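Every number for a ligand or one of its atoms is a count from 1 in the order of the listing. Heavy-atom basis, side chains included; hydrogens, waters and symmetry copies ignored. None of these values were measured; they are calculated from a predicted model.
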Amino acid sequence: MSATDTAARTDVMGVGFDNVDMDEAVERAWELMVSRKGAYVVTPNPEIIMCCRTDAEAEKAVNGADLIIADGIGVIYGAKILKTPLKQKLPGIDFTCRLLERMAAHGMSLFLFGSKPGVAEKAAETLAERYAGLRIAGTNDGYFTNDANIVKKINEAAPDLLMVCLGAPKQEKWMAQRRGVVNAGLMIGAGGSLDVFAGTAERAPEKWQKAGLEWLYRLYKEPRRAGRMMKLPQFLLLTIGKRIRGK
Ligand code: UDP
């Protein structure tokens, strides 16, 4: 199978997922990165799938990605309900860490783009310490007015991997629009990952992650997300409806 085989994707309520396990996902991302074709990876959760149903630009940006992996248990349940199970839940942050580990062993470079001022720098310090050999090509916060300057800065740094952390669907749209313009081996839309690496946000304890309850922990920590999270039951109801109707 080639690095990007979109025909083989598994449709989950309008978003086509690559049915890959962690090793396969990392391998495909690696192939895309070293080919330096400006490809991008997205990690949709049910909230993003629901967003794609009403935002055509987001839908195009998400489905236009070169690798689409299932971030979170909601997508896994959805696929199961639709009788097209996916191999594995692949949280974007775990996938990114696996890729960074491999990049570090080859002395490759990373540019961190997004989050509030200071966060990307702090995340860069943590990652440089954690992954000896990884080169930090640059950082930029995600609250910008002049996009052209940021593209210029990234292109001068020419990183192997560009983490785009602007929240969804902004980051997916940004990557789709900049494909072919940004000189990076690979881009990945990585949401709140920089906040986690910088220590400004906390991930759920491993037990919660394993139980598929990371979303609940996040809700407990950030109750303001309740509105956004209502998309999860809506998504599951829609998948059940689709299964019952058989289309
Ligand atoms: N963000 C940004 N620019 C913006 C809006 C958001 O850099 O214009 C950042 C925000 O600071 C946060 C990340 O994007 O670090 C989004 O985090 P969130 O937890 O909402 O992401 P999710 O993974 O849920 O999409």
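Scanning all protein heavy atoms for the shortest distance to atom 25 (O) of ligand 1 gives A168 N, 3.3 Å. Taking atom 10 (C) of ligand 1 as the reference point, the nearest protein heavy-atom neighbour is Y143 OH, 3.3 Å. Remark: minimum distance from atom 8 (O) of ligand 1 to any protein heavy atom is reached at K170 NZ, 2.7 Å. Atom 7 (O) of ligand 1 has its closest protein heavy atom at S115 N, 2.8 Å. Protein heavy atom closest to atom 18 (P) of ligand 1, with residue, atom name and distance, is R218 NH2, 4.0 Å.
Those atoms of ligand 1 with a heavy atom of G191 less than 4.0 angstrom away are 13 (C), 21 (O), 23 (O). Distances below 4.0 Å separate heavy atoms of G142 from the following atoms of ligand 1: 2 (C), 3 (N), 4 (C), 7 (O), 8 (O). Atoms of ligand 1 found under 4.0 Å from any heavy atom of D195, numbered from 1 in the order shown, are 12 (C), 15 (O). Atoms of ligand 1 found under 4.0 Å from any heavy atom of G192, numbered from 1 in the order shown, are 17 (O), 21 (O), 23 (O).
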Legend entry - Trace of the ring-ring contact (aromatic ring centres under 6.0 Å, His included) decision for Y77 with F235: CA-CA 10 Å; Y77 282 146; F235 163 79; 9.9 Å; no
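There is no path of hydrophobic side-chain contacts, each under 4.5 Å, that joins L216 to M230.
Using a 4.0 angstrom heavy-atom cutoff, L166 counts as in contact with ligand 1. Under a 4.0 angstrom heavy-atom cut-off, E172 registers as lying outside contact with ligand 1.
With no hydrogens or angles considered, a side-chain donor-acceptor pair links D195 and T200 at under 3.5 Å. Using a 3.5 Å distance cut-off with no hydrogens or angles, the side chains of W215 and N45 do not pair a donor with an acceptor.
Close N/O approach between G167 and ligand 1 is found [any backbone or side-chain N/O within under 3.5 Å]. Looking at C165 next to ligand 1, an N or O pair under 3.5 Å apart turns up.
Annotation: cation-pi geometry satisfied between K170 and F144 (NZ/CZ under 6.0 angstrom from ring centroid, within 45° of ring axis).
Of the charged side-chain nitrogens involved, at least one lies within less than 4.0 Å of a carboxylate oxygen, so that K210 and E206 count as a salt-bridged pair.
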